[in-house]
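Okay, so here's the structure we're looking at.
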There are 2 protein chains.
Amino acid sequence: MAMQARGSRPGPRRTLTEDEIMGAALDLLDEGGVNAASVRGIAARVGVAPNAVYTYFPDKAAVVKAIVEHLLGQVDLAVFSDRKVPWRQRIESLALELRERLTAHPGAVNLMIGGPMDGPRALALNEHLMETLQDSGLDAKEAARASYLLIVYVFGSIALEAAELGHGSGGPSEAQRVASRMEGFSAIPANTFPLSAGASSVMAGYVSTGQYTWGLHKVLDGISRT
Amino acid sequence: MAMQARGSRPGPRRTLTEDEIMGAALDLLDEGGVNAASVRGIAARVGVAPNAVYTYFPDKAAVVKAIVEHLLGQVDLAVFSDRKVPWRQRIESLALELRERLTAHPGAVNLMIGGPMDGPRALALNEHLMETLQDSGLDAKEAARASYLLIVYVFGSIALEAAELGHGSGGPSEAQRVASRMEGFSAIPANTFPLSAGASSVMAGYVSTGQYTWGLHKVLDGISRT
DNA sequence: ACCTGAACACCGTTCAAGT
DNA sequence: ACCTGAACACCGTTCAAGT
């Protein structure tokens, strides 16, 4: 919310950046889950007293916001703006890129959808989606609605994926995620939930890229034609 | 994870139920957000020492799981099982019911998607969706995929809605939620994000039932035909 | 079996003080 | 302007003890 003064950075003692603090927080989040990313933990990692963090961020929520913006900022929207590429393919590429970037930090995904997602990077994403959807022939109102639908799908999918494998140590491989899913579903009692149990194998596939794409196609099918 | 022994409840001193503890936790969550729903706060509300909670639940995570299951259990799936009603309408009614029940407890929604959602109520929901989708003519594999897509949409939508209005005091009216959304979007700088800013009014509508239904229809359109 | 008092190892945040 | 030590008001959880 409150942006830090930008002019002078090097103070009397140490030189320390907002980015360093944010990076340390993200590292802790990846290594030890959400509980590990404490203000005190961050301070310890950058070698400073706990309250020194408050020189750079007004509170912990601001650090979380910085992480969210940092992660969203990792995808370069310009790459998906080439009008020579069909609009559906541009959106699909972007959706895959977002999933790849975010599933690398499962602990951060919870924080992402826990807050309003109203930072500049999030707005830029919405703006980009609306532009692309208008390219497809939708008017402004339809584009706004469809953009939000896509955001719900992409972040909803990623959030549910992240939730399934817990908030432990982050950055598991696709194979590990599938295995984790399989393990979870194999515990379903087949007598009470026959369909869910029978669908275990295919459900496990939902943490795979292919099934994410399948769902995205369905959403895009819905958007394409009424 | 570990179910409590069921046989004997009344002990030497007080009579106290898992449901009472869970209810107190939900009340605190609604009144004061996620931070207010502490083990110590729960204990104080039911008039007991903090550690007495651990007689009923192994840890705080188990209390959260109980809340999630309780909320999911509030929707009676049998109501949406009438085969005389078209399958799309059955799903739409269920999706609306879920949204209504869950948006009444915004603080709980974050907790819901923060964990695996693998309790009996969640499985029953998945089972019900798969049954309904098989009624529509999908085979088992397609039904499993489509069911997960619907779950992503419903819980993704509700989660993003809940995130927008913060984790403060819960149970705002639809009008309040729309107003909150409008307020947020009116702060968008029109020069850098023209489309997003221009879409403010329609985007505000996304916290309305009508726009939730719009998105659901698009998803169902995608599912209906490949 | 249920509950308590006391303690342990933590939190986020503030304040006065140092350079 | 930046950092520290110390403190405040909290956490979740455990343990030994009481009934």
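These values consider heavy atoms only, across backbone and side chains, with no hydrogens, waters or symmetry-generated copies. Order of the sequence lines sets the chain letters (A, B, ...), proteins ahead of strands, with each chain counted from 1.
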Atom-to-atom span, [atom1] of [X] to [atom2] of [N] - whole angstrom:
{"X": "B/Leu16", "N": "C/dA1", "atom1": "CG", "atom2": "C1'", "value": "13 Å"}
{"X": "B/Leu28", "N": "D/dG12", "atom1": "CG", "atom2": "P", "value": "11 Å"}
{"X": "A/Ile42", "N": "C/dG12", "atom1": "CD1", "atom2": "C1'", "value": "11 Å"}
{"X": "A/Arg40", "N": "D/dC11", "atom1": "CZ", "atom2": "C1'", "value": "12 Å"}
{"X": "B/Phe57", "N": "D/dG12", "atom1": "CZ", "atom2": "P", "value": "14 Å"}
{"X": "A/Asp59", "N": "C/dT14", "atom1": "CG", "atom2": "P", "value": "8 Å"}
{"X": "B/Lys60", "N": "C/dC10", "atom1": "NZ", "atom2": "C1'", "value": "14 Å"}
{"X": "A/Asn35", "N": "D/dT13", "atom1": "CG", "atom2": "C1'", "value": "13 Å"}

### Query
Using purine N1 to pyrimidine N3 plus N6-O4 or O6-N4 for Watson-Crick, or N1-O2 and O6-N3 for G-U wobble, each under 3.5 Å, what pairs with C/dT19?
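Paired with D/dA1.
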### Strand partner of D/dA6, provided both Watson-Crick or wobble distances fall under 3.5 Å
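Result: C/dT14.
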### D/dA9 and C/dA9, which share atom name P, separated by this distance in whole Å
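Going atom to atom, P in each nucleotide, I get 22 Å.
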### OP1 or OP2 of D/dC2 under 4.0 Å from side-chain N/O of A/Tyr54
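No.
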Of the nucleotides [options], which one has an atom closest to the side chain of [X]?
{"X": "B/Pro50", "options": "D/dT13, D/dC3, C/dT4", "value": "D/dT13"}
{"X": "A/Val39", "options": "C/dG12, D/dC3, C/dC2", "value": "C/dG12"}
{"X": "A/Ala52", "options": "D/dC3, C/dG12, D/dG12", "value": "D/dC3"}

### Query
Only one of B/Leu216, B/Asn126, B/Leu94 clears side-chain contact (heavy atoms from CB on, under 4.5 Å) with B/Leu150; which?
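That would be B/Leu216; it is the only one of B/Leu216, B/Asn126, B/Leu94 passing the side-chain contact (heavy atoms from CB on, under 4.5 Å) with B/Leu150.
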### Query
Charged N to carboxylate O under 4.0 angstrom, B/Asp59 versus B/Lys65?
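No.
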### Task
Name the orientation class of the two ring planes belonging to B/His128 and B/Phe80 (parallel below 30°, tilted from 30 to 60°, perpendicular beyond 60°).
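Ring orientation of B/His128 relative to B/Phe80: perpendicular.
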#### Entry: Side-chain donor or acceptor of A/Tyr56 paired with backbone N/O of A/Leu16 under 3.5 Å
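Yes; judged by distance alone, with no hydrogens or angles, the pair exists.
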### Query
Are the side chain of A/Ser38 and the backbone of A/Gly41 linked by a donor-acceptor contact shorter than 3.5 Å?
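Present.
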